[in-house]
Each structure stands twice: as structure tokens, then as C-alpha cells.
There are 2 protein chains.
Amino acid sequence: MNERKRKNTSTRRAMLANEIAQAIRLRAFRPGEWLRQIDLEERFEATRFDVRSALDELAVRKTIEHVPNRGYRVAEVDLKTYEEILATRIILERATAEGVVARIDDAAIARLDALAAQFSAAVTTGSRTEQSEINRAFHQFMYSFCGNAVLEEMIWGLRDRGRGSQITVWSSHELLQKSDREHFEMMAALKARDAERLAALIATHIIKGGVVGPVPVEPG
Amino acid sequence: MNERKRKNTSTRRAMLANEIAQAIRLRAFRPGEWLRQIDLEERFEATRFDVRSALDELAVRKTIEHVPNRGYRVAEVDLKTYEEILATRIILERATAEGVVARIDDAAIARLDALAAQFSAAVTTGSRTEQSEINRAFHQFMYSFCGNAVLEEMIWGLRDRGRGSQITVWSSHELLQKSDREHFEMMAALKARDAERLAALIATHIIKGGVVGPVPVEPG
DNA sequence: TGCGACAAAATTGGCGCCAATAATTTCGCC
DNA sequence: GGCGAAATTATTGGCGCCAATTTTGTCGCA
């Protein structure tokens with residue numbers, strides 16, 4: 001009966017914040033780049049008020065940085081913080097293994113196999129952002145079975161924060177292929193219901209995929 | 001030379017948000033309670049604009065909840081979410097043990113001993129909020145040596161979120177005394193540089209301090 | 001007396017205006 | 001011609017106003 005009325009502010013704000021966040025993920029805005037409110041108004045067809053709200057939200061989530069009287073810019077993550085983010089991601093993402101192994105079902109495994117295959121295809125033919133989005137989908141779907149929504153939230157919050165680093169993810173084709181292979185190793189561990197092995201794979205996946213060269217990361 | 005100019009908004013907003021957050025921690029506002037903007041204006045002597053900004057920030061941090069056209073209220077955490085928060089806290093806080101043990105020095109140990117002693121005293125003589133604040137100070141100071149600022153942030157964000165549960169922390173005097181004892185056991189593990197033992201103690205500390213058998217939760 | 005509808009009051013929330021600040025250009029002086 | 005200062009332009013950000021919405025209070029009717 002009732003047609004859906006126009007969205008209220010908090011919804012619009014959240015949606016816009018997510019749109020901007022995605023744009024940042026897709027590197028439409030690069031780390032350090034200023035986000036001019038006027039541009040965002042036009043690009044996303046939103047009012048200035050909504051743009052500001054969304055930017056404030058992203059600043060609280062540390063996706064962007066606010067400089068008084070200068071504006072908002074995509075956060076640039078320094079090396080130390082980046083390493084801390086990776087270390088914390090390892091802690092959190094490892095911890096999903098147990099729950100995932102316990103709760104995953106055959107249908108989900110099939111879907112994950114498909115996503116892993118999609119990633120394989122994207123490694124050779126797809127664009128950087130395609131690879132990135134498929135990879136994200138793979139992990140997001142897998143972690144969604146961990147049985148802890150709070151834990152999931154933290155993981156995705158951290159992953160978004162890590163985007164602001166100068167370090168190139170998958171800096172070489174070999175690393176990309178390694179990530180690809182690791183997905184299938186994870187699937188094997190998953191099918192064998194081997195939580196410990198899955199956790200170990202997740203840890204190396206994060207380290208190898210994210211850091212180039214000598215790795216000075218000691219979790220904790 | 002230059003007298004310090006008036007604080008800019010983002011600073012005022014952050015300060016006000018922290019003040020309100022502390023008030024919530026101290027139970028000046030109870031879970032489910034509505035935070036009327038007019039009241040907050042007077043109580044904290046802030047403009048309506050700043051109040052709203054601060055409330056928005058706290059809503060993003062999930063300390064409070066925003067209901068369109070109704071306002072903001074202290075988040076009520078349901079049991080499932082509360083358990084997830086505790087589980088995630090255990091994951092994160094355990095992970096500090098290694099770094100803390102590696103980095104702690106004698107001066108810090110002395111300070112922690114003092115805080116543990118303060119807590120002991122507060123167990124018998126202090127108020128609930130005093131106990132809570134000293135306990136917080138103890139853990140905050142300890143975790144500050146973990147060498148991972150991002151990890152620390154996550155922990156304190158989660159701890160704040162947990163305040164919104166109906167579950168009474170330290171529901172009995174015995175649990176309070178148990179917490180007290182555990183602080184000293186942690187100190188022993190710390191002095192022995194036994195990270196594994198410290199991690200185990202942290203885990204039980206969180207579980208025992210936070211959950212009390214079958215929980216009489218009444219939906220608000 | 002209980003209940004529903006209508007009216008009045010209280011509260012929230014969208015938004016535009018313009019002051020404050022930073023960035024850019026122009027101009028004058030050496 | 002180069003350099004610094006002043007004027008111009010661009011952008012951000014504080015804030016108050018009033019509309020939209022909810023809550024509270026009142027009245028009439030069964």
C-alpha cells in the first residue's frame with residue numbers, strides 16, 4: 001500500500017558514506033587526495049549537508065582524515081600504522097578459522113570454490129579493481145560463517161583503513177598468483193575441517209599479500 | 001606570544017563526544033535511556049550543533065544508537081552481541097600479552113603494582129564507578145605496552161560498546177574479589193615474563209568478570 | 001470509566017546563509 | 001625580472017531557523 005517515503009537522513013548519510021568508501025577502495029580517490037565537498041555534491045548528487053555528514057562518519061571510521069579549515073582527505077597510513085593494522089588483521093582473521101570450519105556447509109563451500117575460480121580467472125584477464133573486489137567477496141563470504149558479527153565488523157573496518165597505505169598490494173604478478181594458490185589451499189583446509197591449517201594460511205595470506213620485502217611484523 | 005585561539009569544531013566535537021562517552025561509562029546515562037539534545041546542551045554547556053556532532057560520532061562508534069525522528073539513546077546490547085563482544089575482546093586482549101611482556105619495564109611494573117593495590121583498596125571501600133575506573137586504568141596502562149596502537153584502539157572501542165549490556169559486571173562481591181586476585185596473578189606472570197600465562201589470565205579475567213551464569217535479561 | 005480522535009506542545013533534523021580561513025592571483029617595489 | 005605583500009577568489013564550517021515528526025494532553029462519546 002504505502003509507497004516507500006523518501007529515505008531519512010541517517011540512511012542517506014550511511015549510504016553516501018559507503019559509496020565514498022567504495023570509491024576510495026577502488027582508488028577513484030588516492031591516499032592523500034583532498035575530497036572537495038563541492039565535487040562530491042555533484043559526483044554523488046547529494047546536498048552539501050549529506051556530504052559533510054558522510055565525511056564526518058568516514059573520519060570517525062578513520063577511512064579519511066579531517067584537517068580543520070582544510071577539509072577531508074584520504075588517510076595516508078604511515079608504515080608503522082600499516083604494520084599494526086596487518087598485525088591486528090592477522091589476529092582477528094585467524095580467529096575466524098575455528099568458527100568458519102565449524103559452521104560452513106557444502107553449499108557455501110561450493111560458492112567459495114566458485115569465487116576462488118573467479119579470482120583465478122581475474123588474475124590473468126581482470127583489472128586490478130576486479131581482482132580486488134572478487135578477493136574481497138571471497139573473504140567476506142568465508143568470514144560470514146565465523147558466527148561473530150562483531151568480529152566481522154572489526155575485520156572490514158581494518159581492511160578499509162589499510163587501503164590508505166602507500167604499499168602496493170599485489171605489487172607483482174607472482175604475489176597475485178600466490179594469493180590465488182592460497183585461496184585453493186584454504187579451500188582444501190576448509191574441506192578437511194582443519195581450522196588450525198586454515199588459520200595459518202590466513203596469516204601468511206595477509207602477510208604475503210600486503211607487505212613487500214623484509215617483514216618486520218611481530219604480532220603483538 | 002599568541003594566546004591560544006578558541007578550539008576548532010572537530011576538537012570540541014571530539015572532546016564533547018568523549019565527555020558523553022565517559023558519562024555513559026559512569027552510568028550517568030543508562031542503557032536504553034534517551035539523550036535529549038536540549039539537556040545535553042545545558043549539561044555540557046555546548047551548542048546544539050556540537051551536541052549533534054558528538055552524538056553522531058558516538059553513533060558511528062556504536063556507543064549510542066540513532067533512531068530517526070526519535071533521537072539518540074544509549075545502545076542496548078543484546079545477549080548475543082554481548083557474547084560476541086566478549087569473545088572478540090578475548091581475542092584482542094590476549095594478543096597484547098606477548099608485546100606487553102616483551103616491552104614492559106620495571107617502572108611500569110611498579111606503577112601497575114600500585115594500580116592493583118589501589119583496586120584492592122577500592123574493592124572494599126570504593127564506589128562502583130571508582131572500582132571501574134581504577135580497573136580501566138590498570139588494563140589501559142598495561143595494554144599501552146603492547147606496541148600496537150591500532151590494537152589498543154580496537155580494545156577500548158569494544159570495551160565501551162560492552163557497557164550497553166544489561167549484564168551487571170561484578171554482580172557479586174566474590175567476583176570483584178576474584179578480579180582483584182587475578183590482577184595480582186597477572187602481575188606475577190608479567191614479572192616472570194610469562195606471556196602465555198598472562199594471555200590465559202586475561203581470557204579468564206574477561207569471561208569471569210563479564211558473564212554470570214544463566215542471565216536474567218529482560219528485553220527493554 | 002475506557003477509548004479513540006483531535007489538538008497542542010515538545011523535540012528532532014534538513015538546510016541555507018555567511019563568517020572565518022586558506023589558496024591563488026595580482027600588483028608594486030626593489 | 002624576481003620577490004614579497006596585499007587583494008581576490010575559493011572553500012570550509014558554525015549556527016540558527018523553521019518544517020517535519022513524535023509525544024503529550026484534552027475532549028467527546030459510548
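Letters go in sequence order (proteins before strands), and every chain restarts at 1.
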On DNA chain C, compare the nucleotides closest to T47(A) and R70(A); which residue's is nearer the 5' end?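 The residue closer to the strand's 5' end, by nearest nucleotide, is T47(A).
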How many whole angstroms separate atom [atom1] of [X] from atom [atom2] of [N]?
X      : N       : atom1 : atom2 : result
I38(B) : dG16(D) : CD1   : P     : 14 Å
R12(B) : dC15(D) : CZ    : C1'   : 10 Å
W34(B) : dT22(D) : CH2   : C1'   : 10 Å
F49(A) : dT12(C) : CZ    : P     : 14 Å
R48(A) : dC15(D) : CZ    : P     : 17 Å
L35(B) : dA10(C) : CG    : P     : 20 Å
D56(A) : dT12(D) : CG    : C1'   : 12 Å
Y72(B) : dT22(D) : OH    : P     : 16 Å

Per R52(B) side chain, nearest of listed nucleotides dT21(D), dG16(D), dG13(D):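 It is dG16(D).
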What pairs meet the ring pair (Phe, Tyr, Trp, His ring centres under 6.0 Å) rule with one or both residues in residues 84-104 of chain A, with sequence neighbours excluded? none
Which distance, rounded to the nearest 0.5 Å, do you find between the CD of E130(A) and the CZ of F119(A)?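 Between atom CD of E130(A) and atom CZ of F119(A) there are 11.0 Å.
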For R161(A) and T88(A), test the side chains for any donor-to-acceptor distance below 3.5 angstrom and give the result as yes or no.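 Short answer, no.
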Distance-only donor-acceptor check, side chains H183(A) and N135(A), under 3.5 Å: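 Their side chains do contain a donor-acceptor pair, which is all the 3.5 Å distance test asks for.
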H66(B) vs dT12(C): side-chain N/O to OP1/OP2 distance below 4.0 Å: no
dA10(C), OP1 or OP2 - any side-chain N/O from Q37(B) closer than 4.0 Å? no
Check every strand shown and say whether V67(B) touches a base, only sugar-phosphate, or nothing at a heavy-atom separation below 4.0 Å.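 Touches sugar-phosphate only.
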